[in-house]
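So you know, we letter chains A, B, ... as the sequences are listed, proteins then strands, and number each from 1.
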2 protein chains.
Amino acid sequence: MTTVAETPRAPRGRRPMSERRRDLQRLEISREAVRLFRAQGLAATSGEQIAEGVGLSVRTLWRYFRSKESCVEPLLSQSSAAFVAMLRRWPRDRSLEEHLIADARPSSPTSPGDDEAALAVIAMSRAEPAFRAIWLVVHERSEPVLAEVIADRLGRAPEELAVRVQAATLAAALRITTEDYAVALADGVAITGEDMVARLSEAVRAATHGVIGEALT
Amino acid sequence: MTTVAETPRAPRGRRPMSERRRDLQRLEISREAVRLFRAQGLAATSGEQIAEGVGLSVRTLWRYFRSKESCVEPLLSQSSAAFVAMLRRWPRDRSLEEHLIADARPSSPTSPGDDEAALAVIAMSRAEPAFRAIWLVVHERSEPVLAEVIADRLGRAPEELAVRVQAATLAAALRITTEDYAVALADGVAITGEDMVARLSEAVRAATHGVIGEALT
DNA sequence: GCCTTTCTGTCATTGAGTGCCATAATAGGA
DNA sequence: TCCTATTATGGCACTCAATGACAGAAAGGC
């Protein structure tokens, strides 16, 4: 604190874009970009096409994203965040499987195709290294939040090495089941939500032998 | 099989570069690139500088690497591969900790600075998203091999969901401890090898509660 | 109305990455 | 040794992702 006065002056000109608004804009761009990527592939899609599709200038596009590949990030983040949010609602007296079943997710009501689009990107990431890299980074970003969830359940600190590793384990289980699901979807194999829940719980239980996933008495 | 004769003709012209030789060349480029990245940062280092440093033309550099950021990949892969190789030597009757202590690694004798360089890149990856992405991808690539190790120890199939998730857990434990180490090293804090071993074993044990890491009787 | 701040577009420029073709290097066969 | 087939490398032109600089447009308070 070097300034004594708290500078109570009201801000003058145009207010900065709200974070919410900015995220929505990025999401809109992301939807169009993924649509083009799915239709033409990454290499065949230019920044100009993406910008035109959203009705922005190319210059502005590069103000929202630092590279064209990273345009897929908001869609991936959204589905990742949805899952993390669900885990935050995980009551202590329920097992993971019980909670997954109980907390049936209605997807994002705003745009029902978002989940499918995100899964398509994940499936594409098998052949597209740039997508794979972004997917892994996005997913890793959720680990600290998962660490909080686990720390809360176990009554430990989120910074503890063991808690962080367990969070990474949970994240990995989620990542692997999600990828399996994405690949199956891309190959036209139908997987039910119950299958997903079962596989995810199995993965977590098998990996941790009950360290995570069980109900707490 | 459309050809009846097995075309026993000896190949004619210059033989393709051996994979070994190519990897060595890539590693050499990687060393120079990381040296420059550490000295000047990623943005301030040009492909031309890297090429000149190794005595290659820029055109040839782009034949070895598809982007300048990916020049760090061989160094990261090497240290990751060294660790995986050590795990492959893990005897069934030893715990992970015992093996880590017993299998003291002499680093790669060819170039003792490689480990330090790789750790420097990992430390840089905190601020450099491109490095972070590559580091995660490289690390993820080791998961199938870890799955084999685990599958072998547990007498299960490497494709099993549970085994893959346990492999991911082991990989995550390794990743987190490595990152902690890299950051400490970058900050000038000394960490002994014993510390590393202890932290890694603790991480694995805490996350899996003995599913991985213990000796098998 | 004016003033201030932020957002967006236009233009010019840089630099990463590729295609194309010529040339050098390597190896077998005559 | 010369010829020929094949691969590795270099040089050049080119595309396009990405940035910096500047000028309006938009959104607020006065």
Scan for salt bridge (Lys or Arg N to Asp or Glu O under 4.0 Å) pairs involving [range], sequence neighbours excluded, and state none if there are none.
range                       : result
residues 82-91 of chain A   : A/Arg88-A/Glu148, A/Arg89-A/Asp103
residues 59-83 of chain B   : B/Arg26-B/Glu73, B/Glu73-B/Arg141
residues 44-58 of chain A   : none
residues 129-140 of chain B : A/Arg132-B/Glu140, A/Glu140-B/Arg132, A/Arg175-B/Glu140, B/Arg132-B/Glu179

Task: Phosphate OP1/OP2 of C/dT8 contacted by A/Tyr64 side-chain N/O (<4.0 Å) - done: yes
- [ ] Look at the side-chain N and O atoms of B/Ser57 and state whether any lies under 4.0 Å from the OP1 or OP2 oxygen of D/dG10.
- [x] yes
- [ ] Mind checking ring pair (Phe, Tyr, Trp, His ring centres under 6.0 Å) for B/Phe131 and listing every partner two or more places apart, or none if nothing turns up?
- [x] B/Phe37
Task: Contacts of B/Phe83 that satisfy ring pair (Phe, Tyr, Trp, His ring centres under 6.0 Å) - sequence neighbours left out - done: none
Quick test: give all pairs of protein nitrogen or oxygen and nucleotides 22-26 of chain D nitrogen or oxygen below 3.5 Å, distance rounded to 0.1 Å.
residue, atom, partner, partner atom, Å
D/dA26, N3, A/Arg14, NH1, 3.4

TODO: In plain terms, say whether B/Glu19 and B/Arg22 are close enough for a salt bridge, that is, a side-chain N and a carboxylate O under 4.0 Å apart.
DONE: no
Would a 4.5 Å heavy-atom cut-off, applied to side chains only, mark [X] and [Y] as touching?
X        : Y        : result
A/Val121 : A/Leu75  : no
A/Leu200 : A/Thr177 : yes
B/Leu119 : B/Thr178 : yes
B/Ile122 : B/Leu76  : yes
B/Val137 : A/Pro129 : no

TODO: Write down the distance between CD (B/Glu52) and C1' (D/dG10), rounded to a whole number of angstrom.
DONE: 15 Å
Task: Between P of C/dT18 and CG of B/Leu61, the distance in whole Å - done: 11 Å
Task: Exam field: side chain A/His99 to backbone A/Met86, donor-acceptor pair closer than 3.5 Å - done: yes
Task: Inter-axis angle, terminal five-pair segments of the helix from C/dG1-D/dC30 to C/dA25-D/dT6 [nearest 10°] - done: 20°
Between the protein and nucleotides 28-30 of chain C, which nitrogen or oxygen pairs are less than 3.5 angstrom apart?
residue, atom, partner, partner atom, Å
C/dG28, O4', B/Arg12, O, 3.4

- [ ] Would you jot down, in residue-number order, the residues of residues 17-30 of chain A having a non-hydrogen atom under 4.0 Å from DNA chain D?
- [x] none
TODO: Return the set of residues passing side-chain hydrogen bond (donor to acceptor under 3.5 Å, both in side chains) with B/Glu202 (not counting sequence neighbours), or none when no residue passes.
DONE: none
Identify the pairs formed between an N or O of the protein and an N or O of nucleotides 14-19 of chain D at a distance under 3.5 Å, and give each distance.
residue, atom, partner, partner atom, Å
D/dA18, OP2, A/Lys68, N, 2.8

Open item on the list: Does A/Arg156, at its CZ atom, have more than 12 non-hydrogen atoms belonging to other residues, nucleotides or ligands within less than 6.0 Å?
Closed with: no
